[in-house]
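Data block below; observations after.
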Amino acid sequence: QVQLVESGGGLVQAGASLRLSCAASGRTFDRYTMGWFRQAPGKERELVAVISWSPRSTVYAESVKGRFAMSRDNAKNAAYLQMNSLKPEDTAVYYCAASPRGGWPRSRAEYDYWGQGTQVTVSS
């Protein structure tokens, strides 16, 4: 069982940066693939980034490549999403999720645990 709590969202202007954090409970955190998803009003929840448990390689959605960076600290049971050069279209609720599957699972159905989400709003 893994419980996830996101933090770090907020209201920023276009071009600004934010760092989201995901705090996880559970002794087997380092065996889970972690993902960040987002859901904008009226849209489907979409994958933003995935990081494997080892060797911690990452995969990103095309829309955030070069601007966002996902990392994890297994010693702290935490995952992070550094978001730079934010755009109004990045506005969404951002969710942290954990999957027991290896590789880079990309669909919502492959993730067993979810946080409650944190709102990111980017004004133009």
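Within the structure, side-chain hydrogen bond (donor to acceptor under 3.5 Å, both in side chains) pairs that include any residue of residues 10-24 comprise Ser17-Asn84 (at least two apart or interchain). Residue pairs meeting the salt bridge (charged side-chain N to carboxylate O under 4.0 Å, His left out) criterion with at least one partner in residues 69-87, sequence neighbours excluded, do not occur; the list is empty.
For Lys65, the salt bridge (charged side-chain N to carboxylate O under 4.0 Å, His left out) partners at least two apart in sequence or on another chain are Glu62. Listed by chain and number, the residues in a salt bridge (charged side-chain N to carboxylate O under 4.0 Å, His left out) with Glu46 are Arg38 (sequence neighbours excluded). Applying the side chain to side chain contact (heavy atoms under 4.5 Å, CB included) rule to Val59 yields the partners Trp104, Arg106; only residues at least two apart in sequence or on another chain are considered. In this structure Phe37 satisfies the ring pair (Phe, Tyr, Trp, His ring centres under 6.0 Å) test together with Tyr111, Trp114, sequence neighbours excluded. Every residue meeting the salt bridge (charged side-chain N to carboxylate O under 4.0 Å, His left out) condition with Asp112, not counting sequence neighbours, appears here in chain and number order: Arg101. With sequence neighbours excluded, the residues forming a salt bridge (charged side-chain N to carboxylate O under 4.0 Å, His left out) with Arg67 are Asp90, listed by chain and number. Ser107 is linked by a side chain to side chain contact (heavy atoms under 4.5 Å, CB included) to Ala109, Glu110, counting only residues two or more places apart in sequence or in another chain. Residues meeting the side-chain hydrogen bond (donor to acceptor under 3.5 Å, both in side chains) test with Ser7, sequence neighbours left out: none.
What you find for Pro105 and Ser99 is that their closest heavy atoms are CG-OG, 3.7 Å. The shortest heavy-atom contact between Ala14 and Ser124 is CB-CA, 4.4 Å.
Looking at Val50 and Thr33, their side chains come closer than 4.5 Å, going by heavy atoms from C-beta outward.
Other residues sharing the hydrophobic cluster of Tyr80, ordered by chain and number and joined by side-chain separations under 4.5 Å: none, the residue standing alone. Through side-chain heavy atoms spaced under 4.5 Å, either directly or across other Ile, Leu, Val, Met, Phe, Trp or Tyr residues, Val120 is tied to Val2, Leu4, Val12, Leu18, Leu20, Phe29, Tyr32, Met34, Trp36, Val48, Ile51, Tyr60, Val64, Phe68, Met70, Leu81, Met83, Leu86, Tyr94, Tyr113, Val122.
Defined by atom type and a distance below 3.5 Å, a donor-acceptor pair is present between the side-chain atoms of Gln119 and Thr121.
Within the model, atoms CD of Gln3 and CG of Asn77 stand 12.0 Å from one another, a figure rounded to the nearest 0.5 Å.
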